[in-house]
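To start, the structure under review is shown below, and the notes come after it.
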Number of protein chains: 2
Amino acid sequence: MADPGTRPDRPARERVMEAALDLFAAHGVTGTSLQMIADHMGVTKAAVYHQFHTKEDIVLAVIGPALETLTKVADAADRQRAHRRRLESALNGIVDLIIKNRRLTAIVQFDPMVAELVRAHPSRTSIERIRGMFTGADPDASALVSAAMVSGGLVMAGIDPALDGLSDEELRRHLFDTAWRLLKPRTASLSASGGRVAQPTGRV
Amino acid sequence: MADPGTRPDRPARERVMEAALDLFAAHGVTGTSLQMIADHMGVTKAAVYHQFHTKEDIVLAVIGPALETLTKVADAADRQRAHRRRLESALNGIVDLIIKNRRLTAIVQFDPMVAELVRAHPSRTSIERIRGMFTGADPDASALVSAAMVSGGLVMAGIDPALDGLSDEELRRHLFDTAWRLLKPRTASLSASGGRVAQPTGRV
DNA sequence: GTCTATATTTCGATAGAC
DNA sequence: GTCTATCGAAATATAGAC
């Protein structure tokens with residue numbers, strides 16, 4: 001539509017999203033009011049409403065891109081034929097997504113308002129597809145628990161204050177390694193290599 | 001004070017706590033109003049206020065016992081002299097706590113209102129003590145990430161709908177095993193036993 | 001794009017009758 | 001123990017001037 005090079009309609013709309021992200025990370029979504037967002041921007045509520053007509057719209061704008069990435073991650077992984085490659089691809093994608101949304105991930109995971117939005121969002125099934133890749137086909141109880149701990153653990157580690165000192169690259173690598181230790185296909189006794197795992201595919 | 005055998009003052013107070021637990025698990029703490037609790041019990045708000053004078057009191061009554069258990073877990077683990085035994089004890093205690101509060105754990109972990117309450121609660125330092133046992137002394141980045149993923153993963157797995165089919169005993173065992181795989185002291189190459197880990201101390 | 005002003009609803013909380 | 005009635009504050013949201 002408009003010339004994308006001349007700052008079409010960015011300023012106010014994006015400032016709302018940035019303020020919302022700050023406050024969502026600090027107080028959760030339900031714990032953040034439009035008044036707080038307006039105050040944080042130094043404007044009034046009405047100015048916020050001019051950009052987004054409902055609070056739901058703001059939330060969707062903030063978390064939408066991450067949800068869409070989830071679907072891309074699931075699709076990319078599905079294109080891998082070997083189980084191991086598919087798992088590697090999905091895990092890499094999830095870790096990358098979490099690293100790039102280090103502040104937001106977990107707050108959003110729990111908020112009842114967000115849960116409702118995700119339920120209605122097209123990306124909803126992607127989460128289940130990725131979980132399926134984590135568990136593998138026909139999983140036993142142990143595989144279910146490992147997948148659950150990895151899914152949850154990655155999300156929680158992404159926002160853990162104890163890991164604030166780690167750089168994105170460092171955290172990314174350790175998250176992948178740790179998750180891989182739990183998820184790697186356990187073909188016979190292959191644990192001769194010790195505890196540490198060789199980094200696979202390479203693309204991170 | 002009163003005779004503990006003749007149902008002293010239970011009914012209404014406990015009904016409030018049960019209703020609150022149901023709703024906290026479904027909508028989070030901030031997402032649950034006193035009106036919702038009253039409706040869920042089939043009474044009015046005023047009837048709820050007769051039992052608990054503030055919403056904070058209700059939250060504390062619901063999560064307080066779990067917080068106090070955290071301190072007991074940390075104390076019991078600290079009584080173990082060997083690093084390995086201390087870790088086993090702490091992990092057993094945490095897994096047990098999560099199993100026994102399967103519905104509540106994670107919702108409570110994030111809610112901004114709960115976070116404020118925990119900050120002021122005497123059990124606050126216990127969480128850090130247990131985390132310290134998970135990381136071990138003078139931890140490197142890998143140990144920090146493992147501990148973070150275990151702490152978070154246990155909490156998330158406890159409420160994961162994908163694990164609803166598992167019995168408490170089954171889930172308890174797999175949670176411990178999976179966490180142990182990430183936390184067990186890595187002395188030289190000790191991984192000859194494969195992936196599976198023998199259940200330690202016994203007391204669960 | 002931002003403002004003032006206001007409508008409407010719901011929140012937590014209190015008073016007092018039964 | 002539960003009720004009706006109500007308070008003040010804060011929530012989402014809208015109308016209309018600048």
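In this text, all values refer to a predicted model and were calculated from it rather than measured experimentally. Every chain is numbered from 1 and lettered A, B, ... according to where its sequence line falls, protein lines coming before strand lines.
- Taking 4.5 Å as the limit, some side-chain heavy atom of D160(A) sits within range of a side-chain heavy atom of R131(B).
- For R13(A) and dT2(C), the shortest distance from a side-chain N or O to OP1 or OP2 is not below 4.0 Å.
- Summarising the geometry, the separation between CD on Q51(B) and C1' on dA13(C) is reported as 16 Å, rounded to the nearest angstrom.
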Inset, instruction - Produce a footprint string for nucleotides 6-18 of chain D: one letter per nucleotide, 5' end first; B if the base is under 4.0 Å from any protein heavy atom, S if only the sugar-phosphate is, - if neither. - result: -----SBBBB---

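- A close approach under 4.0 Å does occur between a side-chain nitrogen or oxygen of T44(A) and OP1 or OP2 of dC3(C).
- In this structure, CG of D39(A) is placed 15 Å from P of dT2(C), rounded to the nearest angstrom.
- Note: NE2 (H50(A)) to P (dT4(C)) measures 16 Å, nearest angstrom.
- Contact check on R173(A) versus E169(A) returns no salt bridge, with no Lys/Arg side-chain nitrogen under 4.0 Å from an Asp/Glu carboxylate oxygen.
- By the 4.5 Å heavy-atom criterion applied to side chains, M133(B) and D78(B) are counted as neighbours.
- Side-chain polar atoms of E88(A) and N92(A) form no donor-acceptor pair below 3.5 angstrom.
- Summarising the geometry, the separation between CG on D57(B) and P on dG12(C) is reported as 13 Å, rounded to the nearest angstrom.
- Remark: E56(B) CD is loosely packed, at most 12 non-hydrogen atoms of other residues, nucleotides or ligands lying under 6.0 Å away.
- Under a cut-off of 6.0 angstrom, the local environment of NE2 in H27(B) is sparse, with at most 12 non-hydrogen atoms contributed by other residues, nucleotides or ligands.
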